[in-house]
Amino acid sequence: MNNFDFSSLNTEQQAALVETEGAVLVTAGAGSGKTRLLTHRVAFLLSKGISPYNILAITFTNKATREMAERVKAMCPDGDRIWISTFHSMCAKILRMDADALGYNRNFTIYAEDDTEKVVKEILNEMSLAEDKWKKNVLFHISNWKNTIMSLAEYERACAAVVDIKKIVLIIDEYEKRLKKNNALDFDDLLIKTYKLFLNHDEIRLKYAQRFEYILVDEFQDTNTVQYELVRQLASVHGNIFVVGDEDQCIYSWRGANFKNIFNFKKDFPNVKVFKLERNYRSTGKILERANKLIAHNSSRLEKKLWTERQGGDEPVIYNAVDERDEALFVANTIERLLRQGYKPSDFAILMRLNALTRNLEEALLSYNIPHKIYGGFKFYERAEIKNIIAYLRLFVNMDDDIAFQKVINFPRRGIGDGALSKMKHLAGNKSLLRALVDGNYEVEPALQKKLENFVQTYCGLSEIDMPLADFVSEVISKFKIKDAYDTKTEEGFDKQMNISSFEGAVREFAKLNPTASLSDFLESITLASDSDEIGEGGSVTIATVHAVKGLEFRVVFIIGLEEGIFPISRANSADDIEEERRLMYVAVTRAEEKVILTHCSKRFLYGKTSYEIPSRFCKELGFYEYKPKKIEETSVFGGGRSYSASAPTQTSFGGFTFNKATILGGEQSSEIKPTVEVGKYKPGQKVEHPKFGKGEIKSISDDGLVGDIAFEGFGIKSLMLEIAPLKILEE
DNA sequence: GGATGACACATTTTT
DNA sequence: TGTGTCATCC
Ligand SMILES: Nc1ncnc2c1ncn2[C@@H]1O[C@H](COP(=O)(O)OP(=O)(O)OP(=O)(O)O)[C@@H](O)[C@H]1O
């Protein structure tokens, strides 16, 4: 097996590729072929005769995983013995084999956010602490602590300045006990418990460290402290560790990622060989220029070169939409135009800072009949009816999962309410609720006893059954009469039943793809997998947050909602926060191969109210709006803005009136468009006169006082920018 | 115990 | 906007 083909890598990449021994760090900008290098390196190792069994590759996207897995399988008969996964699923896999050393059962349940929330709520209730005051704080500290390698006592000391930290630590301590009693691990536990497993059990660490002769990690800038330490532990025997990353693309520091790990790596590993890739293969020169210009505004970074042979290309454009509907229609319209020019739906991505911005896009694309898929946001498995079924299933893997038990014991209704439940908790003592029942540890009054026995009987009956995964799931649904809880005569009930049926279908599909998988495997896959793993698979336009498309690429990228308060998000206050927002913007822009199309709205309806928006500072940093703005006369005057593009919906119907403020700029000169306001001159109820629209009455004024909605006789309600509209006050 | 309606609430990004 | 909690009534 020595027929490795180097031709699809450039010389820089090749140099890093052949350096297989020791610690290697590759830092390079976006689109420079880091992932490609990593993938090829796995293939190269195999071609040198390394067994896939001895390779561990940590990736972030499923696309990379699949690509790699396919290559490996094609090259080696036993290719499926390689470990390619995310940190989290790697840890889950390790713990499924060795968690007993930590006092956990190997069939532990993985608690997602809502489960951990329930546990915390329960504790707060019992301690008579107000939920709204404590919950968020406690949850933050749980995760924060688990993203360090400190003991709880050390954490308490480190947080000495935090108010109430004593009590918080007390709650965390109880939380840990509960999870253990429930035989459950939360997301962060997967990492930190694996770390502790290795730390306290040398023989287990050695087992894995010896096995993995070669370790590769993609997107290294987004590893957190615990992940970093895990890498060190795993590389502690062979030391052949290859990491690639780009500090400019660190976008997960809010959950503990630390791009400084890239720099630490050079210190913590001996004789690190550092490689740089400078040629970008993804984007046109015009796009790269803008991206480079943007990211140069960040201070915590190392200067990097990034060049391309694809000089020129289309100039990125920006569209100033009236509102979010106009924005969505513009996007849909532009896509349709490009589709006619031969682009495919899967060539497009519409990216945004917030999942909440997707709503209007869905409508607009639907009205244009453009196939699309929204990633992120509420997932199928998060629907209430599906979560109930999952809770039932969880009990068949891990009967100590009290959170699951409490979810299902009264669904469908069995007349077992809060009163009965607290009685049961009390009686169960330190056993879990279901286990105490199954063991028949106590008796309650006959009516309740009967109900409980019924439940236990059904449960035990099903537990003894040995049948294929998909059949078992259907059997559970039917034996517990879950579908009967929904009335098919109502549309809602019908939908829910349909969802349950599709869930059964999904299980069947999973079982087909993974013939040897157990129920536990299935449950793990749905808690750890995200739908963004499938981005770009079908023939649809991708609608997603920027976070979800990290590592991916599209011919055409729209980035919408480029407004202060949205992108950068209003919660970003510190300089570091803003730098992370800027990195996020950098990631967004560098997903594009050919075209970047940005949009922002003058006003936007979000979270139940309309607000008037200021263009994002990133517009300017990307080279737009660098001129002194011409005075925009009014929001609603035809041709008031500048429409350079044939693609802009030149007229948008709004409130029975036609607007056109569509502005597309290639990006000349400009400063911010930040109108100065004369506060208090106008107020609702005033009668005013406008030279063009005549007499009207001010109906309302935006919170910031910039724009007023005015009802004109014969013209309807119009939104005008108050400080520039030529209004005369007729009557206070 | 369960159904209903009023009210208060916050609303980033994800493994 | 939409969700989740609380009080009230059956
Ligand atoms: N040597 C090469 N020759 C031609 N194309 C290449 C080469 N290396 C990488 N590419 C292509 O460039 C694009 C970007 O590569 P890749 O995704 O590996 O970059 P990356 O550095 O991982 O990007 P990001 O930092 O955005 O994750 C891909 O389409 C890839 O196929």
Side-chain angles (χ1 to χ4, degrees), chain A residues 58-62 85-92 110-118 121 125 130-133 135-136 140 143 146-147 185-192 194 219 222-224 226-227 249-257 324 351-360 375-379 381-382 384 409-423 447-448 451 485 524-533 535 544-550 561 565-573 577 580-581 583-585 587-588 604-611:
Chain A
I58 304 285
T59 57
F60 263 81
T61 70
N62 243 27
S85 68
T86 62
F87 273 110
H88 288 267
S89 39
M90 172 191 80
C91 289
I110 299 169
Y111 274 7
E113 223 159 316
D114 56 325
D115 300 309
T116 62
E117 241 174 75
K118 287 228 174 65
K121 264 190 197 168
N125 265 333
E131 195 184 307
D132 28 347
K133 192 167 154 247
K135 198 182 81 183
K136 260 176 88 179
F140 166 80
S143 183
K146 291 187 178 186
N147 278 297
L185 295 170
D186 63 29
F187 278 129
D188 297 318
D189 275 335
L190 294 175
L191 306 174
I192 189 69
T194 306
E219 309 279 9
D222 274 319
T223 52
N224 66 26
V226 180
Q227 291 167 338
Q249 293 187 64
C250 172
I251 56 176
Y252 282 100
S253 55
W254 49 273
R255 65 172 205 217
E324 70 284 348
L351 306 181
M352 59 215 75
R353 181 64 180 85
L354 301 164
N355 279 312
L357 299 188
T358 54
R359 179 161 299 168
N360 296 282
Y375 296 92
F378 16 79
K379 290 172 216 137
Y381 297 115
E382 277 164 15
I409 187 58
N410 205 26
F411 180 87
R413 301 250 113 85
R414 296 187 181 88
I416 302 170
D418 292 345
L421 208 52
S422 49
K423 204 181 296 170
L448 179 57
K451 295 176 194 163
E524 181 173 313
S525 87
I526 58 179
T527 21
L528 290 186
S530 80
D531 61 352
S532 42
D533 290 343
I535 290 182
T545 62
V546 182
H547 284 92
V549 294
K550 158 159 125 148
I566 292 182
F567 205 164
I569 199 146
S570 53
R571 300 169 96 104
N573 296 314
D577 289 347
E580 174 135 332
E581 295 292 308
R583 291 194 292 268
L584 195 56
M585 190 69 212
V587 169
R604 179 183 296 280
F605 181 76
L606 184 67
Y607 300 140
K609 65 175 201 290
T610 301
S611 39

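Everything quoted here is computed from the prediction, not taken from an experiment. Note on naming: letters A, B, ... go to the chains in the order of the sequence lines (proteins, then strands), and numbering restarts at 1 for each one.
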Problem - Arg604(A) and Leu357(A), any side-chain heavy atoms less than 4.5 Å apart - result: yes
Exercise for the section: Compare every heavy atom of Pro568(A) with every heavy atom of Glu581(A), then report the nearest pair and how far apart it is. Expected result: OE1-CA, 3.4 Å
Practice task
Start with the C-alpha distance between Glu219(A) and Tyr252(A), add both sets of side-chain angles, then the distance that settles side-chain contact (heavy atoms from CB on, under 4.5 Å), and finish with yes or no.
Solution key: CA-CA 11 Å; Glu219(A) 309 279 9; Tyr252(A) 282 100; over 6 Å; no
Problem - Separation of atom CD1 in Ile569(A) from atom C1' in dT12(B), rounded to whole Å - result: 4 Å
Practice task
Could you give the distance separating dG4(C) and dT13(B) at their P atoms, to the nearest angstrom?
Solution key: 16 Å
Exercise for the section: Not counting sequence neighbours, which residues clear side chain to side chain donor-acceptor pair (under 3.5 Å) with Thr527(A)? List them please. Expected result: none
Exercise for the section: Before giving the answer on side-chain contact (heavy atoms from CB on, under 4.5 Å), spell out for Leu528(A) and Thr86(A) the whole-Å C-alpha distance, their side-chain angles and the decisive distance to 0.1 Å. Expected result: CA-CA 9 Å; Leu528(A) 290 186; Thr86(A) 62; 5.9 Å; no
Practice task
Please work out if Phe605(A) contacts a base, only the sugar-phosphate, or nothing of the nucleic acid, heavy-atom cut-off 4.0 Å.
Solution key: sugar-phosphate
Practice task
Output yes if the stacking criterion (under 5.5 Å between centres, under 30° between planes) is met for Trp254(A) over the base of dT13(B), else no.
Solution key: yes
Practice task
Please check the phosphate of dT12(B) (OP1 and OP2 only) for any side-chain N or O of Ser570(A) closer than 4.0 Å.
Solution key: no
Exercise for the section: Identify the two heavy atoms, one from Asp577(A) and one from Arg571(A), that lie closest to each other, and give their separation to 0.1 Å. Expected result: OD2-O, 3.9 Å
Handout entry: Atom pair distance, as rounded to whole Å: CG in Asp189(A) and C1' in dT15(B)
Key = 13 Å
Handout entry: Residue met sooner reading DNA chain B from 5', once Leu354(A) and Thr86(A) are mapped to nucleotides
Key = Leu354(A)
Exercise for the section: Answer yes when Arg359(A) and Glu324(A) have at least one side-chain N-carboxylate O distance shorter than 4.0 Å, and no when they do not. Expected result: no
Write out a two-atom table: protein N or O, nucleotide N or O from nucleotides 3-5 of chain C, distance below 3.5 Å.
{"residue": "dT5(C)", "atom": "OP1", "partner": "Lys121(A)", "partner atom": "NZ", "Å": "2.9"}

Exercise for the section: List the steps, then state whether side-chain contact (heavy atoms from CB on, under 4.5 Å) holds for Glu131(A) with Lys136(A). Expected result: CA-CA 8 Å; Glu131(A) 195 184 307; Lys136(A) 260 176 88 179; over 6 Å; no
Problem - Whole-Å gap separating P (dT13(B)) and CG (Leu357(A)) - result: 9 Å
Handout entry: Whole-Å gap separating P (dT14(B)) and CD1 (Ile110(A))
Key = 19 Å
Handout entry: Glu524(A) CD - dT15(B) P separation (whole Å)
Key = 14 Å
Handout entry: Spacing of Tyr375(A) atom OH relative to dT13(B) atom P, expressed in whole Å
Key = 18 Å
Handout entry: Which nucleotide in dT13(B), dT1(C), dT15(B) has an atom nearest any side-chain atom of Arg359(A)
Key = dT1(C)
Practice task
List the steps and the verdict of side-chain contact (heavy atoms from CB on, under 4.5 Å) for Ile58(A) and Gln227(A).
Solution key: CA-CA 11 Å; Ile58(A) 304 285; Gln227(A) 291 167 338; over 6 Å; no
Which atoms of nucleotides 1-11 of chain B (N or O only) lie under 3.5 Å from a protein N or O atom, and what are those distances?
{"residue": "dG1(B)", "atom": "OP2", "partner": "Gly417(A)", "partner atom": "N", "Å": "2.9"}
{"residue": "dG1(B)", "atom": "OP2", "partner": "Gly417(A)", "partner atom": "O", "Å": "3.4"}
{"residue": "dG1(B)", "atom": "OP2", "partner": "Asp418(A)", "partner atom": "N", "Å": "3.2"}
{"residue": "dG1(B)", "atom": "OP2", "partner": "Gly419(A)", "partner atom": "N", "Å": "3.3"}
{"residue": "dG2(B)", "atom": "OP1", "partner": "Gly415(A)", "partner atom": "N", "Å": "3.2"}
{"residue": "dG2(B)", "atom": "OP2", "partner": "Asn410(A)", "partner atom": "ND2", "Å": "2.9"}
{"residue": "dA3(B)", "atom": "OP2", "partner": "Arg413(A)", "partner atom": "NH1", "Å": "2.9"}
{"residue": "dT11(B)", "atom": "OP2", "partner": "Lys136(A)", "partner atom": "NZ", "Å": "3.2"}

Practice task
Indicate, with a heavy-atom threshold strictly under 4.0 Å, whether Glu580(A) touches base, sugar-phosphate, or nothing.
Solution key: nothing
Exercise for the section: Search all heavy atoms of Leu190(A) against all heavy atoms of Cys91(A) and return the closest pair with its distance. Expected result: O-CB, 3.1 Å
Practice task
May I ask you to evaluate whether Asn355(A) reaches the phosphate of dT14(B), defined as a side-chain N or O under 4.0 Å from OP1 or OP2?
Solution key: yes
Exercise for the section: Measure from CD on Glu113(A) to P on dT14(B) and round the result to the nearest Å. Expected result: 11 Å
Handout entry: Between dT14(B) (C1') and His88(A) (NE2): distance, integer Å
Key = 9 Å
